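These numbers come from a predicted model, not from an experiment. We name chains A, B, ... by the order of the sequence lines, and we start the count at 1 in each one.
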2 protein chains.
Amino acid sequence: MPEVKSRRGEYTEATRRALLDAAADLFTERGFARTSLDDVAAVARVTKGAIYHHFSSKPGLFEALFEELERTENGAARAAFEAEEDPTVGALAALDQFLLACSEPVYGALVFREAPLALGWDAWRLCEEKYSYALLSDMLDAMTAAGRIPAHRGEALTSIAFGMLGAAGQLLARTRAEDRERVRGECRAPFVALLAGLAITE
Amino acid sequence: MPEVKSRRGEYTEATRRALLDAAADLFTERGFARTSLDDVAAVARVTKGAIYHHFSSKPGLFEALFEELERTENGAARAAFEAEEDPTVGALAALDQFLLACSEPVYGALVFREAPLALGWDAWRLCEEKYSYALLSDMLDAMTAAGRIPAHRGEALTSIAFGMLGAAGQLLARTRAEDRERVRGECRAPFVALLAGLAITE
DNA sequence: GTCAGTCACATACTCCGAGTATGTCTCTGA
DNA sequence: TCAGAGACATACTCGGAGTATGTGACTGAC
């Protein structure tokens, strides 16, 4: 039976949240490299000891943030994909959801701008294997199965399409709020064109 | 009249070269973040003082390397583009030249894998404004002028296509030598598809 | 009720590496 | 020949990540 968490447990969860929130703010504004752990601790009104109690390292803190963001945002994109019968339609729906998420100030900035700098390319890719990269791969598989994409595509298409997503995410993350809607539209075009081109390239 | 450089000048140019070569090796193998300037100096058989005499900082050293690489490799790609009459044919020729350059062990690893980590996204983009990014932009302009691409494209297409180049470059940089030729072929397909898709998307 | 043990941090430290300040030797030009 | 500058080497500072240790609060066993 799920007994209420002890008072102690509540408090520690509160500081963990405070640390994640502070890190999200600072990493988004100043960037990962230019924020020290002392800064994060100060904003969360604790000390560095608290950080190393809850997280393994500075990249570890970032990764926890990353996981949290991807779990919700990428889940929404996957839901948008799976809601559609046609994989191409679903992929474009997921793309729209993705572009929308990147328009929100934190997601794109952290997951596609800061993450490679904070974790390095390999670790980043490894993290993404569970989220955006996996979703992209699944969508391409579904489109292949539906005959919308040449059957014998290699790993390159997935990597390159993922690069497109990253570029779009970064672009939106640095776009002023008033221009984001227009830029989202412009970002959509290359993906549509790519799918159209793949459909006629056998 | 271009008098011979003094003995002094020859020596200093030699150490500068040794530093750049050592940095190229270490940055390629261990990565920018995991190599200290003392390491670079040791391989070049000098000390850190020599580095700061020739370069402004650690990113400054990297940037000098970057410029040197792009000057030659990107020049070849641009030449390949300009040698063709048809802009689409020229763009694909430049792409092939680019993919070939990224198959060589240093170029792709430094310019597309390490550079964003070493310089940060903004500074990297600023450096690339003179080279790959500029070439890409010029090629898209030429194709637009030739009616191969919708006229009112925004900045997004350039950014996203540049993201594709980066992804392809990184992929080739981490591909084993024996697989590179096959992967180059796979990398070509998405670009061809994109251009084909843009041509029919008005 | 108390006491051992553990959790959730705070405090105080180490260590590494980028950047700086300064010294030294050599070459050059007046 | 001597003043100056160029080309480094040496010795330092300093910031920040990571570590070791201390401490108070809570909890669970007896």
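A:Arg174 and B:Asp122 are not joined by a salt bridge, as no carboxylate oxygen comes within less than 4.0 angstrom of a charged side-chain nitrogen. With salt bridges taken as basic N to acidic carboxylate O contacts below 4.0 Å, none links A:Arg180 and A:Glu104. Ion pairing between a basic and an acidic side chain is recognised when a charged N comes within 4.0 Å of a carboxylate O; B:Glu114 and B:Arg30 show no such pairing.
Nucleotide D:dG6 holds its C1' atom 15 Å from the CZ atom of B:Arg16, rounded to whole Å. Atoms CZ (A:Phe32) and P (D:dA17) sit 8 Å apart, rounded to a whole Å. Rounded to an integer number of Å, the gap from B:His53 NE2 to C:dC25 C1' is 13 Å. Put simply, CZ on A:Phe55 is 13 Å from C1' on C:dA8, counting in whole angstrom units. The NZ atom of B:Lys58 sits 15 Å away from the P atom of C:dT20 (whole-angstrom rounding). Rounding to whole angstrom units, CD1 of residue A:Ile51 and C1' of C:dA8 are separated by 14 Å. Separating the CD atom of A:Glu13 from the P atom of C:dC9 is a distance of 10 Å, rounded to the nearest angstrom. Rounded to whole angstrom, the span from the OH atom of A:Tyr52 across to the C1' atom of C:dA12 amounts to 15 Å.
Between B:Trp124 and B:Phe162, the ring centre distance stays below 6.0 Å. The six-membered or imidazole ring of B:Phe191 lies away from that of B:Phe98, with a centre-to-centre distance of 6.0 Å or more.
OP1 and OP2 of C:dC7 both lie 4.0 Å or more from every side-chain N or O belonging to A:Thr12.
In terms of modelled atom types and a separation under 3.5 Å, the side chain of A:Arg113 and the main chain of A:Thr28 share a donor-acceptor contact.
For residues 34-48 of chain B, proximity to DNA chain D is found at B:Val46, B:Thr47, defined as any non-hydrogen atom under 4.0 angstrom from a strand atom.
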